[in-house]
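Here is the structure we will look at.
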Amino acid sequence: MDRDPSFLFSGITFNRKKFSADFARFKEIKKSDDSEETLLENKRPEVEAVEKLVKRKKRKASVSDPVEGFNVFKKSKAEPVLEEDEEAEKKTQGKKELYRQMERDAIFRKKHNIHTSGSNIPSPLQDFSELKSRYECRPYILRNLAELGIKEPTPIQMQAIPILLSGRECFACAPTGSGKTLAFVCPMLMKLKRASKDGVRAVIICPTRELASQTYRECKKLAKGKKFYIKLMTKQLVNTAEFSKVPCDILISTPLRLKFAITKRKLDLSRVEYLVLDESDKLFELGLLKQVDAVVKACSNPSIIRSLFSATLPDTVEELARTIMHDAVRVIIGRKNSASESIKQKLVFVGSEEGKLIALRQTFQESLNPPVLVFVQNKERAKNLYEELKFSDIRADVIHSDLPQLQRENAIDNFRAGKTWVLIATDVIARGMDFKGVNCVINYDFPDSSSAYIHRIGRSGRAGRSGEAVTFYTEADVRYLKNIANVMKASGCEVPEWMLSLPKLKWRKHRPKREFK
Ligand SMILES: Nc1ncnc2c1ncn2[C@@H]1O[C@H](COP(=O)(O)OP(=O)(O)OP(=O)(O)O)[C@@H](O)[C@H]1O
């Protein structure tokens, strides 16, 4: 039996008898093969060597030299290298564009006095049309903005709106009358998208009922045409029999009423997605802190977006904010804790308490340019001053926390309508209240802090309008002048040098006992 030379067949015995026909066929082929082999065997060794070399070269060439359009495997192996290159190139381009965008943002922010800190801060909004192009804003918001005559975003809106729309928490400090309300209401409506009956989804806390009611109206104006359930937490609402079943997307309240609703009426805030603390530094003051804390705890949704807004943001409040917020962005417009630059500020020495009424009457005689707001230290003083003015030919009214709710509302409405020329007030309306076109704010009693001063005078000079602020001071107030003088200087007003060089006081609230004389 012949051994088959093939390596593949080694060890297999071929039965030539059984497969004689096939064997004969193979033999024929073998014959020809043999003849070739014979030829090869007869080759000269040098020819063989050259042939081997050529063969080896051919083999090598087929492995290492890709022939375009021919070697499929080569091609498919070469492609990822190209893709990786393209990918890397894309990445570099992406990074370059990102840096260019960051540079453009920085220039834009500088131009608008926007100061930010935090990571990955979204680009500021240059125009309200970007609400649609960047964030797919529904047409009703743009329509309502146009109807309200709001054309360009203010600096706080430019920056706070994209931050909140990108799902980031934020604490913001921007001057009085600079449009902070819209800066948090607009993204809130956009994020909520549509009405739902699944429980409260957004909460806005304001320190006073008047401000809560104003914010409620602003929300309604911007949501016009969309059936959101927007509720103001009134005594009536909180006492409704089916309180927990009242549909509510956005709830606006003072901390006290909200805490009452949580503890006594089992209000569920666990689904709240947005929480705004307006006038946040006021809300963090001792009198309100406990109630605010209860609300913040009740809003237990882990993906909640919280934001803090105010015209004054003391360092202590910032520190507190940082402890409760996640990866928050800090936005400051202009200088932190400064007065609006559109207010002309003046300090008037009145000697003693007796001098105040004389100075006030004199001021009104010289020029009474209504509407005018007169701030006093407490409700007793408000009542007393009102008694002095009510029988004069000046149309005066008064507002303080001792008045029944309806009377408070009427006082605001009449002042807004121009029926009241001079409104005497305690600090209950010093924050957030937006009376259009208040020409002058008179601090009849010296404010008890620089932030109280900033908020009080901020009732005038709003939304780019000009305004005036006059602050009376007595001998007893002199030692507290420095703080107010500093605020005035920072906002560009002229202040006598001696006031600025008064000794620095470790801040204590200046609330002396004032006799009405
Ligand atoms: N982009 C805008 N263009 C013009 N007016 C605006 C714009 N945004 C808001 N306003 C108007 O500016 C006024 C002041 O706005 P807002 O009450 O929100 O100020 P604020 O910053 O909250 O002030 P405060 O610190 O006193 O609470 C309002 O009458 C509001 O309608």
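Throughout, residue positions are numbered sequentially from 1 according to the sequence presented. Remember, it's 1-based here, ligands and their atoms both numbered in the order they're listed.
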For ligand 1, indicate whether the residue [X] contacts it via side chain, backbone, both or neither (heavy-atom separation under 4.0 Å).
X: K151; value: neither
X: D434; value: side chain
X: M433; value: neither
X: K180; value: both
X: P175; value: backbone

Identity and distance of the protein heavy atom lying nearest [atom]:
atom: atom 4 (C) of ligand 1; value: I150 CG1, 4.2 Å
atom: atom 23 (O) of ligand 1; value: G177 N, 2.8 Å
atom: atom 18 (O) of ligand 1; value: T181 OG1, 2.7 Å
atom: atom 17 (O) of ligand 1; value: R462 NH2, 3.0 Å
atom: atom 7 (C) of ligand 1; value: Q157 NE2, 3.8 Å

For [X], counting its heavy atoms only, list the atoms of ligand 1 lying under 4.0 Å from any of them.
X: A463; answer: 12 (O), 13 (C)
X: E152; answer: 1 (N), 2 (C), 3 (N)
X: R459; answer: 26 (O)
X: E279; answer: 27 (O)
X: K436; answer: 29 (O)

Does the N or O separation between [X] and ligand 1 drop below 3.5 Å for any pair?
X: S178; value: yes
X: H455; value: no
X: G179; value: yes
X: E218; value: no
X: L182; value: no

Any carboxylate oxygen within less than 4.0 angstrom of a Lys/Arg side-chain nitrogen, looking at E388 and K383? no

Is E319 paired with R322 through a side-chain N to carboxylate O contact shorter than 4.0 Å? no

Give me the atom names and distance for the closest heavy-atom approach of [X] to [Y].
X: N144; Y: L222; answer: ND2-O, 2.7 Å
X: R109; Y: P122; answer: NH2-O, 3.2 Å
X: L182; Y: I161; answer: O-CD1, 4.3 Å

Within 45° of the axis and under 6.0 Å from the centre of the six-membered ring of Y444, does NZ or CZ of K356 qualify? yes

Tell me yes or no: between the side chains of H455 and T176, is some donor less than 3.5 Å from an acceptor? no

Indicate whether the side chain of Q126 and that of E130 have a donor and an acceptor atom separated by less than 3.5 Å. no

Between Y473 and F349, ring centroids under 6.0 Å: yes

May I ask you to check whether F446 and F472 place their ring centers less than 6.0 Å from one another? no

Give the ring-plane orientation class for F435 versus F415, where under 30° counts as parallel, over 60° as perpendicular and anything between as tilted. perpendicular

Check if G458 has a non-hydrogen atom at a distance under 4.0 Å from any atom of ligand 1. no

Can you tell me if D249 uses its side chain to pair, donor with acceptor, with the backbone of Y229 under 3.5 Å? yes

Please name the residue in the list R217, R462, R459, Q214 that meets the side chain to side chain donor-acceptor pair (under 3.5 Å) test with D434. R462

